[in-house]
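One structure below.
Order of the sequence lines fixes the chain letters, A, B, ..., with proteins taken first and strands second; residue numbering starts at 1 for each chain.
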Amino acid sequence: MAFKGRVEIDRERCKGCLLCIRSCPTDVLAVAAEPNSWGYYPAEQIAQEKCIACGNCFAVCPDVAITVFKIDGGNNA
Amino acid sequence: MAFKGRVEIDRERCKGCLLCIRSCPTDVLAVAAEPNSWGYYPAEQIAQEKCIACGNCFAVCPDVAITVFKIDGGNNA
Amino acid sequence: MTEKTFMAGFGGQGIISMGQAWIYAAMKEGLEVTFFPFYGAEKRGGVARASVIVSDHEIASPLVTKAHSVVVMSSDSLAIGEAVAGPKALLLVNSDLVKASPARSDIRVLRIPCNSLAEKIGDVKIANMVMMGALAEATGALKLDTIAKVFESFFPPSKHSFIPKNLQAVEAGRRAAREA
Amino acid sequence: MTEKTFMAGFGGQGIISMGQAWIYAAMKEGLEVTFFPFYGAEKRGGVARASVIVSDHEIASPLVTKAHSVVVMSSDSLAIGEAVAGPKALLLVNSDLVKASPARSDIRVLRIPCNSLAEKIGDVKIANMVMMGALAEATGALKLDTIAKVFESFFPPSKHSFIPKNLQAVEAGRRAAREA
Amino acid sequence: METATYKHPASLVPLQTKYCPGCGHGVIHRLITEIIDELGLQGSSIVLNPVGCSIWADLYFGTDSVQPAHGRTPAAATGVKRVLKDHLVVCYQGDGDLAAIGTAEIIHAANRGEKFTTIFVNNAIYGMTGGQMAPTTLIGQKATTAPEGRDPGEAGMGYPIRVCEMLATLEGTRYLARGSVDSPANVRKTKQYIKKAFEAQMRGEGFTLVEILSPCPTNWSMKPNEAVDWMVEAMVPVFPLGEIKNLLATDGVAKAGGVAGTAAGGKK
Amino acid sequence: METATYKHPASLVPLQTKYCPGCGHGVIHRLITEIIDELGLQGSSIVLNPVGCSIWADLYFGTDSVQPAHGRTPAAATGVKRVLKDHLVVCYQGDGDLAAIGTAEIIHAANRGEKFTTIFVNNAIYGMTGGQMAPTTLIGQKATTAPEGRDPGEAGMGYPIRVCEMLATLEGTRYLARGSVDSPANVRKTKQYIKKAFEAQMRGEGFTLVEILSPCPTNWSMKPNEAVDWMVEAMVPVFPLGEIKNLLATDGVAKAGGVAGTAAGGKK
Amino acid sequence: MPEKVLMKGNEAIAEGALRAGCTAYFGYPITPQSELPAYMAKHMLPRHLTFVQAESEVAAINMVYGAAAAGARAMTSSSSPGVSLKQEGISYLCGADLPCVIVNVQRSGPGLGGISPAQGDYFQATRGGGHGDYYHIVLAPKDVQECADLTFEAFDLADKWRMPVMILADGLIGQMMEGVVLPPARDLASLPAKPWAVGHQGKSGRPFNHVSSINLVPDELEKSVNDRFERYKAIAESEVRSVSTNCDKADLILVGYGTSSRVAGGAMALAKAEGIELGLFRPTTLWPFPYAEIAEFAAKGKKFLCVEMSMGQMVEDVLLGVGMSGVSGDAAPVHFFGRLGGNIPNEDEVLAAAKDVLAGRSKPHRIGFADRSLGSGRNLGSNRSRGQ
Amino acid sequence: MPEKVLMKGNEAIAEGALRAGCTAYFGYPITPQSELPAYMAKHMLPRHLTFVQAESEVAAINMVYGAAAAGARAMTSSSSPGVSLKQEGISYLCGADLPCVIVNVQRSGPGLGGISPAQGDYFQATRGGGHGDYYHIVLAPKDVQECADLTFEAFDLADKWRMPVMILADGLIGQMMEGVVLPPARDLASLPAKPWAVGHQGKSGRPFNHVSSINLVPDELEKSVNDRFERYKAIAESEVRSVSTNCDKADLILVGYGTSSRVAGGAMALAKAEGIELGLFRPTTLWPFPYAEIAEFAAKGKKFLCVEMSMGQMVEDVLLGVGMSGVSGDAAPVHFFGRLGGNIPNEDEVLAAAKDVLAGRSKPHRIGFADRSLGSGRNLGSNRSRGQ
Ligand SMILES: Cc1ncc(C[n+]2csc(CCOP(=O)(O)OP(=O)(O)O)c2C)c(N)n1
Ligand SMILES: Cc1ncc(C[n+]2csc(CCOP(=O)(O)OP(=O)(O)O)c2C)c(N)n1
Ligand code: SF4
Ligand code: SF4
Ligand code: SF4
Ligand code: SF4
Ligand code: SF4
Ligand code: SF4
Ligand SMILES: [Mg+2]
Ligand SMILES: [Mg+2]
């Protein structure tokens with residue numbers, strides 16, 4: 001059951017642990033090039049369009065820095 | 001393996017719990033009529049000759065008030 | 001009036017309940033009371049002892065050191081009882097169990113055959129109540145005139161059937177003290 | 001001579017090892033030393049701070065409150081460093097990370113590009129040693145003339161291969177301070 | 001149209017936590033608060049946060065909270081729950097807190113069948129105090145107080161304690177499960193364990209505990225991703241995941257699988 | 001000619017004990033001292049006697065002794081044994097001492113595999129303090145602090161803890177057995193358990209413990225013979241006798257029988 | 001007047017607590033206070049109140065912490081070694097400003113010591129045996145009546161000041177029976193609200209409550225301790241209690257609390273019979289200690305004889321009180337008489353010690369110099385048994 | 001002269017212990033002393049000495065009890081809340097006359113409080129936070145050198161007097177690094193024999209040894225405590241230590257121990273620079289406390305300003321010392337300046353407080369009346385982190 005989805009990442013909340021990146025099945029995420037104001041290099045979306053709203057990234061994020069949106073009508077079975 | 005035996009009971013050490021009496025297979029022991037100086041009614045031998053030196057009385061005596069003797073040559077199979 | 005009593009006997013002889021009944025009756029007679037049982041670590045055996053004071057005014061130290069009266073229920077406790085007796089104290093001994101005579105000569109000794117009196121009534125366990133009767137009589141500290149009513153609130157209902165025998169015991173003790 | 005230094009920076013910037021190296025070198029130069037790192041409960045992040053004193057006589061309070069010299073390694077620690085700076089203090093800032101200017105005007109400021117100098121030598125982690133060199137030069141508190149030998153006993157043998165770079169860093173710092 | 005399907009729980013205070021990057025406490029906080037939200041219990045939940053890195057938890061849980069002495073969380077939770085019988089009481093503990101100094105307290109709370117839920121965060125180390133050996137530290141794992149690694153031999157440092165299996169021997173325990181936050185799948189399973197436990201608590205069943213394997217990258221001296229890998233490779237074999245004991249009314253058949261295997265643990 | 005085949009052990013001081021008539025402590029003292037005699041260890045044995053009725057034990061054991069704080073006997077024994085590695089160290093504990101206040105200490109000594117032997121006297125009650133509920137008190141058994149009997153239900157008094165079964169889940173334990181002094185046969189079996197444990201200790205194997213069901217006629221408000229009967233009828237079914245765990249080098253096959261059964265104890 | 005009932009001190013403490021509205025008791029058995037938990041078990045369980053026999057004293061005090069945090073009138077009781085184990089918990093309760101009642105029925109120490117009455121825990125009770133800067137109210141009942149009354153009041157004081165209140169008794173007070181008129185039971189609904197307690201947040205809509213003693217920001221922690229000490233000052237001003245008897249007439253004032261004050265009272269009566277006037281000063285609150293009262297006596301040049309069942313602990317507070325008087329220590333000398341180990345001083349010994357002071361035969365007490373007049377009188381409290 | 005090495009206070013304590021022949025260490029982690037067990041683990045395990053991370057502080061102190069009973073030089077260390085948990089064990093050690101060394105690297109309380117340096121456990125350390133009448137030696141190092149030296153000596157003192165010796169440090173002393181010259185290591189074979197210890201009875205043929213603190217016979221227990229207090233008296237006479245600096249010249253003497261004495265020393269130097277003479281009195285032994293020295297100063301009419309990282313604890317001992325002087329408290333007033341909660345007083349604040357005293361601007365310290373001059377200076381020890 002995969003949907004079309006989108007994630008938002010709170011750059012300032014993110015501590016750059018990168019656990020979301022490894023857990024994304026569709027390689028939506030990667031580490032950003034610029035640090036946030038804490039000095040951490042946060043995760044960012046590099047392939048937003050591939051997101052299937054599976055919530056894996058959200059599940060493992062220790063800092064609840066990610067919000068996952070399901071795009072309605074975006075079901076692609 | 002029963003032997004001929006004999007028990008000695010230290011009247012003053014005995015606290016009259018009577019546990020030895022119930023554990024003697026040959027009813028050698030009974031409670032004495034006179035209390036010891038602590039006020040306890042100690043166990044005493046009423047049928048010394050029936051003793052088979054099994055050590056049951058000794059085994060259960062909480063006050064180690066009993067000594068069991070095996071009488072040599074007293075084996076009676 | 002202040003009556004300081006020291007009670008001693010073999011554990012299990014009802015020293016504690018004697019002391020409690022004594023002060024309970026005293027309280028019902030409007031007196032101030034205090035009762036301190038020396039508590040030990042051994043569960044059975046050993047000497048049971050209690051400091052017991054009844055008074056018509058506030059009681060200072062609850063500890064009896066120079067007793068006005070001493071109750072000795074067993075042979076074991078004679079020495080300890082004598083040591084606590086004050087000058088001219090009254091020493092009540094359970095003559096059934098205490099055969100030896102006190103060493104002190106400056107005190108008055110009353111010998112009460114508590115056990116045999118109690119057995120006569122039908123229960124050796126109420127020897128302590130015999131002694132209590134004797135103590136009241138000999139010291140005059142308690143009147144015990146309402147003791148029947150007092151026992152009704154002292155004993156839990158489940159034990160009320162024993163009250164008559166206890167009353168008999170108290171009475172026997174009083175008589176024995178009068179006659180001794 | 002007593003040089004009271006306050007060191008501050010972002011956790012992980014080597015504030016602690018800078019302080020330790022500083023007092024170790026001072027001790028080897030025959031000075032009395034004391035070093036107190038403020039310890040917190042957070043494991044990562046937060047500002048790392050230390051009170052560091054070297055002196056040619058016994059040191060009383062190990063706490064630096066009116067610092068002679070202040071080392072500020074990150075922008076976070078500028079305010080805290082300024083607050084501790086004594087009158088006419090010397091403020092050494094890591095100009096690569098601290099872009100803001102100090103608010104106080106009564107103190108002398110030396111801007112040392114620790115990170116870029118360290119990176120030039122090949123390891124940004126030795127930015128702290130650059131700063132230490134600058135501190136020695138600017139305060140004159142330490143001679144650092146035997147620093148090569150000192151590093152040999154300061155670093156465990158497993159880290160001896162890093163000594164040359166550390167020496168270069170110290171030297172770069174001294175030069176930067178002279179030139180600043 | 002978009003819907004936020006995975007979002008910050010209402011019962012979790014929107015603060016940057018003081019935990020290190022990659023620390024498991026954060027995920028676990030989220031799971032707890034999500035369930036509190038789902039059960040509608042925010043206004044009648046009390047979290048007891050221990051002495052350990054999760055000493056900060058009361059900053060993050062949007063509920064009433066009580067912070068007791070190190071290891072005594074189950075005792076304090078007993079006091080709280082006995083007074084507030086209709087509240088959700090969550091006792092949050094680390095492995096030092098629960099399995100070392102607080103051993104007596106957890107065992108007796110469990111044996112009494114206290115009706116609160118313990119969330120036991122097993123990161124095989126003392127996080128807050130900087131990496132000392134915990135009762136759950138693995139054999140050979142290094143710690144500041146086991147510089148050459150935990151050695152049950154000559155040094156007599158003992159073996160990793162399997163808390164769920166030990167508590168399973170107590171009749172007061174109704175639900176004991178072990179989850180992990182290493183992967184999305186295990187995070188989701190762990191959430192189900194916690195939810196079962198909370199629901200059982202609100203039904204008034206006996207003692208419930210969910211142990212959660214959780215990374216401490218800082219004191220394991222690993223990067224977060226290495227830490228997660230190490231959990232899977234090294235910790236899970238010693239601390240098998242699953243429901244160790246389930247005697248819940250709604251769950252039908254009792255499971256006590258994990259225990260027999262562990263009894264012979266001495267041979268592993 | 002006569003020979004005294006059963007006589008007062010040399011290591012037992014010939015004193016009238018302060019224990020009540022029919023108290024199990026006396027038999028257990030005798031067993032321990034007999035084995036010390038048999039192993040020739042009187043001059044190199046140290047008994048740690050707990051706070052409990054056996055506080056008197058140091059009067060009776062003809063060996064050096066150490067008397068620690070209530071429940072901390074295993075901790076103190078750890079200190080003693082780590083210093084005197086070649087000595088026989090016997091840690092004597094009651095059920096209040098071991099299974100209540102000293103829970104953490106026994107579990108961790110066991111888990112560390114401390115090389116002393118614990119003699120655990122389970123009389124299902126606090127003897128010395130006058131009959132309060134112990135962790136091993138049976139359901140329904142009366143105690144001054146459970147005047148209507150132990151009630152694991154509303155009163156939340158918990159269940160009798162099976163110490164051996166709980167300790168069996170710890171890898172540091174090598175030998176755990178449960179005996180009883182109700183009958184001559186069980187007294188003899190118990191002696192064998194203790195002897196195995198002492199021998200294992202002297203060989204330097206890990207943690208050994210012998211639990212012994214023991215009557216407390218005084219606080220059970222029974223005559224000694226009634227007390228012994230009650231032990232057999234009421235206690236043994238809850239605390240099954242036998243070797244609960246035996247991983248000793250000399251005993252070949254490991255037994256861990258008791259444990260699996262207990263894990264599902266919740267249903268009993 | 002309500003009827004007098006006969007009770008042990010331990011039972012009167014328990015009943016006083018129940019009538020004050022104690023709904024949560026947590027304890028661990030220990031002589032000589034075991035009647036207290038037994039009484040609680042008997043009377044709380046049928047009423048569906050919380051009675052828990054904890055696994056240890058440490059657990060018990062932390063259960064109290066939880067129950068108090070949840071707003072219950074909570075209590076624990078123990079005796080000396082058990083109270084030592086509660087020290088961390090007491091420090092936490094004080095640090096988190098939680099009200100509760102803690103009973104110590106003292107026995108003789110140090111270590112396992114004995115089980116007979118003693119007063120060796122005065123320092124621990126009044127100086128905080130736990131870590132950090134804190135105090136809490138300490139009440140010392142002298143008889144069974146006060147066991148009931150002071151315990152009853154203790155719950156109110158605890159709630160009023162948000163702190164633990166300790167009842168410091170001893171084995172004699174606990175085991176003794178006397179007549180007592182019990183206070184009427186509190187209506188639970190009438191008890192003060194506790195807006196700081198946890199629970200029912202949703203219903204009330206208040207912000208979340210966090211019961212905690214941690215504060216890692218030094219300025220904030222310092223402020224919270226300073227604020228607490230402001231409260232201590234208010235307590236010292238309003239709650240200090242003591243009883244003086246005959247102190248005006250006498251040159252020498254006996255000072256004692258609890259059992260010792262009873263014995264001292266007996267000695268005072270004996271003295272009177274001999275024509276000697278002695279005073280008796282009894283602090284009822286050991287914290288706050290009635291320093292000002294002592295200072296006033298000292299200013300009048302009174303002599304003091306402290307009577308304790310210890311090697312001399314309260315005597316330090318008397319010395320500190322004298323130090324506040326403006327007169328030198330020599331002008332108001334403080335003497336000490338102590339028995340311990342389970343020995344209870346008796347009236348005669350105390351009278352003898354008082355006569356020694358009056359006759360100039362004894363030296364004042366010197367802290368740290370151990371110049372003590374310790375009796376070696378007859379032992380009545382002995383538990384020696386036959387055969388040993 | 002042996003080489004100076006750079007060490008943390010915690011490490012110096014550990015190394016001092018090892019050199020003194022400590023062969024058994026038992027501890028439980030707690031900030032700010034965790035380097036101490038880590039150092040012990042690192043150096044004891046390879047040498048096959050006994051290092052055990054105990055399951056708790058309670059277990060640790062009881063392991064010490066066992067190891068000390070078996071004759072080892074044994075040690076434990078902790079910080080404030082952990083030391084509270086050891087109180088029962090310490091009372092037992094004192095009651096059983098067992099030597100050992102106990103380290104308290106104090107942090108701020110009460111309760112969980114903070115982890116920053118404090119001196120709030122003075123009462124606990126010097127008055128026996130545990131139950132019953134007992135004392136033990138308390139040594140207060142002021143620098144890393146003394147951490148090593150006093151710990152080294154502590155083991156000798158413990159064995160000599162058969163009692164625990166406490167090292168009372170604080171988070172600053174423990175975490176601070178300074179140069180230190182380490183004492184030469186003791187030869188284990190040279191340590192004093194312990195004929196009272198358990199073990200090897202068979203070989204020696206001596207009677208059985210029973211290490212115990214119980215005595216249920218009051219007369220006997222009383223005697224044993226009295227005998228122990230005779231020993232205390234001898235200790236008070238022979239082991240009391242303090243350092244006075246410039247006290248003759250000055251009217252006002254700063255009194256402080258450990259960290260506070262360092263800060264006071266700094267203030268003294270600042271004062272001198274301004275032409276003001278201040279004295280500094282530093283007790284090195286907190287028990288026995290140098291009362292006689294204080295009394296002597298008081299007799300000369302000196303004023304005192306106690307500096308502590310607490311709400312005022314040692315100040316009570318200074319007051320007691322003044323009370324022994326024969327002059328009234330007004331003639332030798334005792335003032336107090338304290339910071340706490342992890343705040344460390346600084347030289348300037350102390351100097352300012354001293355000037356206030358000299359100028360008559362501040363009132364003397366009143367026990368129980370909380371008339372304290374508490375600064376509210378800048379906070380340097382804060383652990384506030386960004387974002388919160
Ligand atoms: C009585 C007491 N002892 C020790 C400590 C120090 N301490 C704080 S947290 C902690 C253990 C932390 O480990 P854990 O419980 O595993 O939690 P984590 O930090 O790993 O989440 C310790 C020992 C304390 N605060 N109080
Ligand atoms: C710290 C502490 N708490 C409580 C006690 C009181 N106490 C003495 S013995 C005992 C328990 C006795 O029970 P158990 O261990 O089962 O031994 P038993 O007497 O039954 O043999 C208790 C609670 C104590 N001495 N010290
Ligand atoms: S929701 Fe799933 S697909 Fe989308 S970014 Fe997260 S992990 Fe990747
Ligand atoms: S898991 Fe969360 S904190 Fe970690 S990198 Fe991804 S968004 Fe950032
Ligand atoms: S030895 Fe056996 S037969 Fe003889 S008396 Fe004893 S029990 Fe009876
Ligand atoms: S078993 Fe021992 S104590 Fe009991 S009656 Fe027999 S001889 Fe006496
Ligand atoms: S130290 Fe470990 S447990 Fe603590 S916050 Fe950091 S990663 Fe988490
Ligand atoms: S009370 Fe029980 S355990 Fe104690 S001596 Fe008596 S029978 Fe034995
Ligand atoms: Mg952990
Ligand atoms: Mg028992």
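- When all heavy atoms are compared, the tightest approach of A59(G) to A75(E) is O-CB, 3.5 Å.
- Per-residue heavy-atom pair counts under 4.5 Å with chain E were compared for S204(G), G199(G), S212(G), and the maximum is reached by G199(G).
- Of the listed residues (G102(E), G62(E), S44(E)), the one with the most heavy-atom contacts under 4.5 Å to chain G is G62(E).
- Ranked by heavy-atom pairs shorter than 4.5 Å toward chain E, the options H200(G), K203(G), E88(G) are led by H200(G).
- Shown here for V80(E) and G66(G), the closest heavy-atom pair between the two residues is CG2-O, 3.3 Å.
- Here the OH-CZ distance, from Y25(G) to R82(E), works out to 14.0 Å after rounding to the nearest 0.5 Å.
- In this structure, the portion of V51(E) lying under 4.5 Å from any heavy atom of chain G is its side chain and not its backbone.
- Interface check for chain E: of the options G71(G), A67(G), G202(G), G89(G), the most heavy-atom pairs under 4.5 Å are formed by A67(G).
- Heavy-atom minimum distance, L84(E) versus A70(G): CD1-CB, 3.7 Å.
- Most heavy-atom pairs under 4.5 Å with chain E, from the set I214(G), T50(G), N209(G): that is N209(G).
- If you measure heavy-atom distances from F51(G) to chain E, the contacts under 4.5 Å come from the backbone alone.
- Counted within 6.0 Å of NZ on K42(G), heavy atoms from surrounding residues, nucleotides or ligands total 12 or fewer; the atom is thus considered open.
- Here the side chains of E105(E) and V58(G) are in contact, with some heavy-atom distance below 4.5 Å.
- With a 4.5 angstrom heavy-atom cutoff, V52(G) touches chain E only via side-chain atoms.
- Contacts of A69(G) with chain E are made by side-chain atoms alone, with heavy-atom separations under 4.5 Å and no backbone atom involved.
- Contacts with chain G were tallied for S45(E), A77(E), G79(E), G71(E); G79(E) has the most, counting heavy-atom pairs under 4.5 Å.
- For chain G, the nearby parts of A69(E) are the backbone and the side chain; heavy atoms of each come within less than 4.5 Å.
- Atom OG1 of residue T63(E) and atom NE2 of residue H210(G) lie 7.0 Å apart, to the nearest 0.5 angstrom.
- The two atoms that bring D64(E) and V198(G) nearest to each other are OD2-CA, 3.3 Å, heavy atoms only.
- Y65(G) places a side-chain N or O within donor-acceptor distance of the main-chain N or O of Q67(E), the cut-off being under 3.5 Å.
- Note that NE2 of H108(E) and CD of Q53(G) are 10.5 Å apart. Values are rounded to the nearest 0.5 Å.
- Proximity to chain G is absent for every atom of L41(E), based on heavy atoms less than 4.5 angstrom apart.
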